[in-house]
**Q** 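One structure is given below, represented as structure tokens, and several questions about it will come after.
Basis for what follows: all heavy atoms, side chains included, without hydrogens, waters or symmetry-related copies. Here is the naming used below: chain letters follow the sequence lines, and residue numbers restart at 1 for every chain.
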Amino acid sequence: MAATDASGLDVGLGVGSSVGSHTSRALSCILGILTSFTALPAAHAQEDAPARASVSLHGYVDDDGLTVWHPSASASAGGRWRARATYDADVITAATVDVRTSASVRPFHETRHGLALGLAGTLARGRVLDVRASTSQSPDYRSVTVGSAFTFEDETRRDTVRLSIDGSLASVGRAGDPDPVGALGSVGASLAWSRVLSPRWIADLALAGELLRGVQESPYRFVRVGEGLQRLAVAEAVPNARHRVALGVGVRAALASYAFARARLRMHADDWGVRGYVLEPELVFALGPSLELSLAGALGAQHGARFRRGSYASGTEVPRWRTHDRELASGFHGRAQLGLRWRFLEGEHATLAVSARGGFDRHRFLDTPLLPRRTAALFGLSLVGEWP
Amino acid sequence: MTFVRSTDRSVCASDRVARRAAFGARVWLVASSAAVLALGGCATVQPWERELLAHPAMAESTDPEGEAFDAHVRGAHEAGLDPGASGGGGCGCN
């Protein structure tokens, strides 16, 4: 789901601000087969879950001239087998950076549509099998993703383990050009483990890996090579294969009956030479029985891809691998966010809640003389209903 | 002299790279060890002790729609793979 969502925004960013991460285009393409648990006794946990529906609108605006509106709607219902559906879109506008990076001289407008369907079945007490499929469509990028996950919770409800496998196939092109540039396929797997440590503490551990093959360049991005009169603008070129791994460790703590904290450290690495560390702390305060205030942040650092340069000026030969993608550069970033959640109706038959959030995101890129920093504002509003 | 200086620089640079790599390896090692130690200990928490764990603020996701959008932005703005937050559950509310 996240991967599907990411693809659309990434396309927008790739075109509009030349910062689109190819990696986030990676969507998933193999259906995992995780059965053999059907003979176990029936479970109740999922059957007790309420039906749920939500609508939301989120926004992103940055000083590169990129604006993204992201409406979404989702619903889930059922008993032992629960079905869910989510529609989302990205309405993207980008202008100034096109000119500043010479990617294009035109202002850019694009809309991506995404649809995700899923089915989760309780095979036995504490054993849930989930299958999902999604598609993302925009004028220059189309993808199909399928995946499966198996979640296991032990009888004492101390440990919860989730194994997921996803695969995707995408067609990459240029807006207005009927011929695709190429295809991108990926397969990924992740293992997540949560343990209740005490009546106040939960620990989380997650491992993920992904293999990507295919077109990972932005068809809109060009790289300047050489100096003076011999200076050329050539298409970006990066390796067709990429292998990524990531590790996440975290804790959730109830500090008091009204104060809760969580923190997560994410680390990632790949065979292009990218390595990164991100620390994400969050505090939640219960201001009343139905009102919560959250303060969240993130601090991260990244070592960029080994073939990325701020300038490919030396020599006259065009390097085999070349990119000006800022997401592959070394740098630092930070985020601060404030959120409010209010359950304004809590009855026997329905619960309605509204969530609002807003914050800032700041990136400092190293070795990117044209665009060394980016500041973005993020905001959103969600309405959620649940029916037992 | 110039030659000596440039050699020194290259030695310093390779030292810095080696130190950075060693620092990165240590971070991974410490984080993994802490996680394994944390996940490896502790006694079973009884259902009647889960009041705080069952609070919505302790759930895997406190604002799924907002967090999905955050993941959406992260996916576009970070070159790294997102390992996911947790296995879910734990809070007694699943």
Side-chain angles (χ1 to χ4, degrees), chain A residues 2 5-6 9-10 13 20-21 23-24 45 54 56 58 60 70 151 153 156-158 160-162 190 192-200 202-208 210 244 246-249 252 254 260 264-268 274-277 284 292 302 327-328 339 341 355 357 380 382, chain B residues 17 20-21 24 27-28 30-60 62-94:
Chain A
D5 286 345
L9 181 59
D10 180 44
L13 293 169
S21 143
T23 59
S24 67
S54 71
S56 67
H58 289 84
Y60 171 99
H70 179 79
T151 304
E153 186 176 58
T156 63
R157 308 189 80 175
R158 184 174 71 166
T160 307
V161 177
R162 181 187 300 149
S190 68
W193 177 19
S194 294
R195 165 165 282 194
V196 175
L197 301 177
S198 77
R200 288 175 181 269
I202 297 171
D204 300 309
L205 174 67
L207 289 163
E210 186 180 48
R244 307 197 295 172
L247 169 68
V249 293
R252 292 175 261 167
F260 303 85
R264 182 164 73 127
L265 176 65
R266 294 187 284 122
M267 295 163 279
H268 59 85
V274 175
R275 295 191 307 278
Y277 307 90
V284 180
E292 287 151 28
Q302 177 174 284
E327 307 320 317
L328 294 176
R341 182 174 169 82
S355 297
R357 53 165 49 201
S382 307
Chain B
V17 170
R20 277 185 201 154
V27 170
W28 279 77
V30 169
S32 312
S33 305
V36 168
L37 286 174
L39 294 171
C42 60
T44 300
V45 176
Q46 301 300 331
W48 56 87
E49 298 176 307
R50 290 180 179 253
E51 184 184 353
L52 288 173
L53 297 177
H55 193 281
M58 288 291 279
E60 179 187 13
T62 54
D63 176 11
E65 286 72 26
E67 285 162 29
F69 183 68
D70 283 349
H72 191 26
V73 174
R74 273 203 307 272
H77 278 174
E78 293 181 18
L81 182 63
D82 193 334
S86 72
C91 57
C93 46
N94 279 1

**Q** Closer than 4.0 angstrom, basic N to acidic O: yes or no for B:E51 and A:R200?
**A** no

**Q** What verdict does the side chain to side chain contact (heavy atoms under 4.5 Å, CB included) test give for B:V45 and A:R158, after you've listed the backbone C-alpha separation in whole Å, the side-chain angles of each residue and the deciding distance to 0.1 Å?
**A** CA-CA 7 Å; B:V45 176; A:R158 184 174 71 166; over 6 Å; no

**Q** Is there a side-chain contact between A:R341 and B:T62 (heavy atoms, below 4.5 Å)?
**A** no

**Q** Does any part of the side chain of A:R157, heavy atoms only, come nearer than 4.5 Å to the side chain of B:Q46, both counted from C-beta?
**A** no

**Q** Between B:D63 and A:R357, what is the shortest heavy-atom contact and its length?
**A** OD2-NE, 3.2 Å

**Q** Which atoms form the tightest heavy-atom contact between B:E60 and A:R252, and what is the distance?
**A** N-NH1, 3.5 Å

**Q** Assign the ring pair B:F69 / A:H58 to parallel, tilted or perpendicular, where the plane angle (0 to 90°) is split at 30° and 60°.
**A** parallel

**Q** Roughly how far, to the nearest 0.5 Å, is the CZ atom of A:F260 from the CG atom of B:L53?
**A** 9.5 Å

**Q** When B:E65 is tested against each of A:S382, A:S54, A:S355 for side chain to side chain donor-acceptor pair (under 3.5 Å), which residue passes?
**A** A:S54

**Q** Which of the residues A:P199, A:G380, A:S56 is involved in the greatest number of heavy-atom pairs with chain B at under 4.5 angstrom?
**A** A:P199

